[in-house]
Amino acid sequence: MILAIASGKGGTGKTTIATNLAVALASEGETVTYADCDVEAPNGHIFMKPNIRETVRVAMRAPVIDAEKCTHCGECEKICQFNAIVSIKDKILFFRELCHGCGGCALVCPTGAITETPRDMGVVEVGDARGIGFIHGKLNVGEAVSPRVIAEIKRRLDPGRLTILDSPPGTACPAIEAMKETNHVLLVAEPTPFGLNDLEIAYEVVQVLDIPCSLAINQSNIGDGRVKEFAQSNGIPVILEISHDRRIAECYSRGDLVVEALPEYKDVFLATFDRIAGAEPCQKKLS
């Protein structure tokens with residue numbers, strides 16, 4: 001099973017829930033892997049403190065344009081869906097940060113003016129922590145295309161282990177790459193107007209991906225009740241509510257795990273997983 005912990009924005013508590021859930025389950029004998037797919041700003045290692053055993057470079061294909069062979073026919077510009085190549089009179093402009101490495105430009109070039117070379121994107125690090133499998137990625141500074149690194153993380157997951165996948169924030173390509181082909185998505189939200197707005201967007205994405213989901217409400221004793229009302233009206237099981245607790249914030253600031261510093265929370269996270277395993281799939285609303 002791959003359980004993705006996701007949300008419509010950053011700072012909702014995804015990493016807190018993902019790391020503590022993984023550690024709580026492992027303490028009960030479950031074989032678990034923690035995978036941090038927030039490759040632009042991974043922070044699960046701060047709490048898990050892993051021993052890294054393997055580091056793998058991640059690359060993608062990048063076009064190289066031979067100006068002498070180029071006839072400026074514009075076919076490369078036409079096929080590029082990300083506007084990474086632009087033909088202007090007698091020049092070809094290539095915007096490296098926009099390129100997704102699909103290889104289309106090289107395929108359609110009639111003169112063979114475009115070849116491809118590997119472009120370093122970042123690294124994937126694999127190890128273990130507290131008897132838990134650990135894997136995360138780090139996107140190179142200045143790179144904008146993170147799904148390639150996320151895909152490499154997921155390619156290295158052991159299908160025979162339970163995986164707790166810490167998704168990137170938001171609902172753009174990185175989050176979708178992380179969530180797709182998972183078995184269940186636990187959405188994390190705060191009960192505020194902003195939290196509700198982001199939850200609505202994240203829920204639409206999960207519905208399009210057609211993945212069962214449930215909801216965790218963090219800071220559940222602040223804000224208002226509209227997040228819970230939204231969940232009830234859409235048939236989303238609310239399987240975890242964490243009240244505002246200064247002690248949790250203090251644990252987070254020290255890089256400590258809540259289930260170790262505050263043992264009473266261990267049963268809370270174990271019960272959460274039991275509810276996920278027994279949850280009815282949320283109702284599919286989109287056509």
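On a predicted model such as this, the values are computed, not experimentally measured, just so you know. Quick note: residue numbers are just sequence positions, from 1.
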>> I'd like to know if Glu250 and Arg247 make a salt bridge, using a cut-off of under 4.0 Å between side-chain N and carboxylate O.
In response: no
> Nearest 0.5 Å, what's the CZ-OG distance between Arg246 and Ser253?
Replying inline: 9.0 Å
> What's the verdict on side chain to side chain contact (heavy atoms under 4.5 Å, CB included) for Leu199 and Leu187, showing C-alpha distance, side-chain angles and the deciding distance?
Replying inline: CA-CA 8 Å; Leu199 173 61; Leu187 296 171; 3.9 Å; yes
>> Measuring from atom SG of Cys70 to atom NZ of Lys91, what distance do you get when rounded to the nearest 0.5 angstrom?
In response: 13.0 Å
> Looking at Gly112 and Lys69, what are the two nearest heavy atoms and their distance?
Replying inline: O-CD, 3.8 Å
>> side chain to side chain contact (heavy atoms under 4.5 Å, CB included) for Lys266 and Ser27? Distances and angles first, verdict last.
In response: CA-CA 9 Å; Lys266 177 181 174 181; Ser27 70; 3.0 Å; yes
> What pairs meet the ring pair (Phe, Tyr, Trp, His ring centres under 6.0 Å) rule with one or both residues in residues 66-122, with sequence neighbours excluded?
Replying inline: Phe82-His100
>> Please enumerate all residues that pass salt bridge (Lys or Arg N to Asp or Glu O under 4.0 Å) together with Glu152, with sequence neighbours excluded.
In response: Arg155, Arg156
> Donor-acceptor pair, Ser167 side chain versus Ala4 backbone, under 3.5 Å?
Replying inline: no
>> Around atom CD of Glu68, are there more than 12 heavy atoms from other residues, nucleotides or ligands closer than 6.0 Å?
In response: no
> Are the side chains of Val227 and Leu215 in touch, meaning some heavy atoms are under 4.5 Å apart?
Replying inline: yes
> Does any N or O in the side chain of Lys228 come within less than 3.5 Å of the main-chain N or O of Pro191, such that one atom is a donor and the other an acceptor?
Replying inline: no
> With sequence neighbours excluded, what pairs up with Glu181 under the side-chain hydrogen bond (donor to acceptor under 3.5 Å, both in side chains) test?
Replying inline: none
>> Listing request: all ring pair (Phe, Tyr, Trp, His ring centres under 6.0 Å) pairs with a residue in residues 233-260, at least two apart in sequence or in separate chains.
In response: Phe47-Tyr252
> To the nearest 0.5 Å, how far apart are OG1 in Thr33 and CG in Leu162?
Replying inline: 8.0 Å
> Rounded to the nearest 0.5 Å, how far apart are CG of Leu3 and CG of Asn183?
Replying inline: 8.5 Å
>> Tell me which one of Asp128, Val23, Asn43, Asp36 satisfies side chain to side chain contact (heavy atoms under 4.5 Å, CB included) with Met48.
In response: Val23
>> Return the CG to OG1 distance between Leu209 and Thr182, rounded to the nearest 0.5 Å.
In response: 8.0 Å
> So do the side chains of Cys105 and Cys80 get within less than 4.5 Å of each other, counting heavy atoms only?
Replying inline: no
>> Please check: side-chain N/O of Lys49 versus main-chain N/O of Gly255, any donor-acceptor pairing under 3.5 Å?
In response: yes
>> According to a hydrophobic-cluster definition based on side-chain heavy atoms being under 4.5 Å apart (Ile, Leu, Val, Met, Phe, Trp, Tyr only), do Leu257 and Ile46 belong together?
In response: yes
>> Tell me the closest heavy-atom pair linking Ala175 and Pro169, and the distance in Å.
In response: CB-O, 4.3 Å
>> I want to check something: taking the side chain as every heavy atom from C-beta on, are Glu40 and Pro168 in contact at a cut-off of under 4.5 Å?
In response: no
> Which heavy-atom pair separates Glu190 from Gly11 by the least distance, and what is that distance?
Replying inline: OE2-O, 3.6 Å
> Do the non-hydrogen side-chain atoms of Ile5 and Val188 ever get within less than 4.5 Å of each other?
Replying inline: yes
> Is there a donor-acceptor pair under 3.5 Å between the side chain of Lys154 and the backbone N or O of Ala178?
Replying inline: yes
> Minimum heavy-atom separation for Glu177 to Pro147, with atom names?
Replying inline: CG-O, 3.7 Å
>> Ignoring hydrogens, what is the shortest heavy-atom contact between Ser87 and Glu77? Give both atom names and the distance.
In response: N-OE1, 3.1 Å
> Is there a donor-acceptor pair under 3.5 Å between the side chain of Arg61 and the backbone N or O of Glu116?
Replying inline: no
> Does Val258 offer a backbone N or O that forms a donor-acceptor pair with the side chain of Asn20 under 3.5 Å?
Replying inline: yes
>> Are the side chains of Arg275 and Val238 in contact, using a 4.5 Å heavy-atom criterion?
In response: no
> Taking a hydrophobic cluster as the set of Ile, Leu, Val, Met, Phe, Trp and Tyr residues connected by side-chain heavy atoms closer than 4.5 Å, whether directly or through intermediates, do Ile164 and Val268 fall within one such cluster?
Replying inline: yes
>> I need the full list of ring pair (Phe, Tyr, Trp, His ring centres under 6.0 Å) pairs touching residues 125-152, with sequence neighbours left out, sorted by first then second residue.
In response: Tyr34-Phe134, His45-His136, Phe134-His136
> CG/Asp245 to CG/Asn218 distance, rounded to the nearest 0.5 angstrom?
Replying inline: 10.5 Å
>> Starting from Ile65, can I reach Val108 by hopping between I/L/V/M/F/W/Y residues whose side chains sit under 4.5 Å apart?
In response: no
>> With clusters defined by side-chain heavy atoms of hydrophobic residues (ILVMFWY) lying less than 4.5 Å apart, directly or transitively, does Ile114 cluster with Leu98?
In response: no
> To which residues is Met60 joined in a hydrophobic cluster, defined by side-chain heavy-atom contacts under 4.5 Å among Ile, Leu, Val, Met, Phe, Trp and Tyr, whether direct or through other members?
Replying inline: Ile2, Val39, Val58, Met121, Val124, Val126, Ile135, Leu139, Val145, Val149, Ile150, Ile153, Leu157, Leu165
> Yes or no on side chain to side chain contact (heavy atoms under 4.5 Å, CB included) for Met1 and Phe273, after CA distance, side-chain angles and deciding distance?
Replying inline: CA-CA 12 Å; Met1 178 182 184; Phe273 186 75; 4.3 Å; yes
>> Check this for me: does any side-chain nitrogen of one of Glu143 and Arg119 sit under 4.0 Å from a carboxylate oxygen of the other?
In response: yes
> Hey, does the side chain of Asn234 reach the backbone of Ile236 with a donor-acceptor pair shorter than 3.5 angstrom?
Replying inline: no
>> Would a single hydrophobic cluster contain both Leu196 and Ile222, if residues Ile, Leu, Val, Met, Phe, Trp and Tyr are joined by side-chain heavy-atom contacts under 4.5 Å?
In response: no
>> On a heavy-atom basis, which atom in Leu186 and which in Ala216 lie closest, and how many Å separate them?
In response: CD1-N, 3.7 Å
